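As the structure is a computational prediction, the values presented were derived from the model and not from experiment. Side-chain atoms are counted along with the backbone in the values below, which use heavy atoms only and exclude waters and symmetry mates.
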Amino acid sequence: MKIQESAENYLEAILVLSNQNGTVRSIDIAAYLQFSKPSVSRAMSLLRQNGYAEMDKDGLITLTPKGLEIAERVYERHRLLSTWLVSLGVSPDTAAEDACRMEHVISRESFDKIKEHVARYQGGGEA
């Protein structure tokens, strides 16, 4: 399933905020992504319409199983790519920015190979 990069960013943000805070509201997403509240409201409407997220009567946002699957995939890519780039000598800030762009366009095959490489590198006792 292919969704737009912006939707992936929102889903990832909901996952991260949920892990950090336990609950997520639109205002939390706006602050986290540094977007306007109207932009987040529009995106949340689209995520709900497409079955990726739900919002209860109190404004609490949760991911559906479909949304959670995408968010976890994107977040795994972000974490691994950031860590890998830092291990190559890239500054943490640049690594995080680059990983954020790369996580949306890298193929599953390439990501899996990088993941295998990182696992071998870490498993070999090297830091």
Side-chain angles (χ1 to χ4, degrees):
M1 169 185 4
K2 182 70 176 144
I3 66 170
Q4 290 185 348
E5 179 178 332
S6 62
E8 289 180 343
N9 283 334
Y10 278 100
L11 294 173
E12 182 182 18
I14 295 166
L15 176 65
V16 169
L17 290 166
S18 178
N19 288 341
Q20 287 176 355
N21 306 330
T23 60
V24 181
R25 297 180 188 275
S26 291
I27 193 72
D28 303 321
I29 298 167
Y32 182 81
L33 293 174
Q34 299 180 330
F35 291 163
S36 71
K37 179 79 165 75
S39 294
V40 172
S41 293
R42 173 74 177 133
M44 288 310 307
S45 176
L46 292 171
L47 291 176
R48 288 193 313 272
Q49 286 174 13
N50 289 297
Y52 297 118
E54 298 173 340
M55 184 183 294
D56 71 12
K57 61 179 174 44
D58 297 321
L60 297 178
I61 299 166
T62 55
L63 295 171
T64 65
K66 180 166 75 166
L68 180 62
E69 179 183 341
I70 293 167
E72 287 177 337
R73 183 190 73 233
V74 173
Y75 189 48
E76 176 192 25
R77 288 177 175 203
H78 181 90
R79 289 189 328 262
L80 187 120
L81 290 169
S82 291
T83 301
W84 179 58
L85 291 169
V86 168
S87 76
L88 295 173
V90 177
S91 73
D93 288 344
T94 300
E97 289 174 20
D98 288 348
C100 193
R101 288 189 293 274
M102 294 166 64
E103 69 196 25
H104 303 289
V105 297
I106 193 169
S107 69
R108 180 177 296 271
E109 178 185 5
S110 293
F111 178 75
D112 287 345
K113 292 301 179 186
I114 291 170
K115 190 175 176 179
E116 288 172 18
H117 174 78
V118 168
R120 276 194 310 272
Y121 179 73
Q122 291 174 340
E126 299 176 30

Heavy-atom side-chain proximity of H78 to E8 below 4.5 angstrom: no

All side chain to side chain donor-acceptor pair (under 3.5 Å) counterparts of T62, not counting sequence neighbours: none

Non-hydrogen side-chain atoms of I61 and L17 separated by less than 4.5 Å: no

Within 6.0 Å of CD in Q20, more than 12 heavy atoms from elsewhere: yes

Path from L33 to Y52 over hydrophobic side-chain contacts below 4.5 Å: yes

Contact list for residues 9-45, test ring-ring contact (aromatic ring centres under 6.0 Å, His included), sequence neighbours left out: Y10-F35

Interatomic spacing from OG in S91 to CD in E97 - rounded to 0.5 Å: 8.0 Å

Short side-chain to backbone donor-acceptor contact, S87 and W84, under 3.5 Å: yes

Interatomic distance, T83 atom OG1 to L88 atom CG [nearest 0.5 angstrom]: 11.0 Å

Side-chain touch E103/N9, heavy atoms, less than 4.5 angstrom: yes

Side-chain (T64) to main-chain (G51) donor-acceptor, under 3.5 angstrom: yes

Pairing of K113 and E116 as salt bridge, 4.0 angstrom limit: yes

Beyond-backbone contact of E76 with K115, side-chain heavy atoms, under 4.5 angstrom: yes

Test item: E72 and L63 side chains (from C-beta on) under 4.5 Å apart, heavy atoms: no

Non-neighbouring partners of R101 that pass side chain to side chain donor-acceptor pair (under 3.5 Å), sequence neighbours left out: D98

N/O donor-acceptor pair under 3.5 Å between D58 side chain and L60 backbone: no

CE on M44 to OG on S39, rounded to 0.5 Å: 13.0 Å

Neighbour count >12 (heavy atoms, 6.0 Å) for atom CZ, R79: yes

Between CG on residue D28 and OG1 on residue T23, distance to nearest 0.5 Å: 6.5 Å

Passing option when L11 is tested against V16, L68, L47 for side chain to side chain contact (heavy atoms under 4.5 Å, CB included): L47

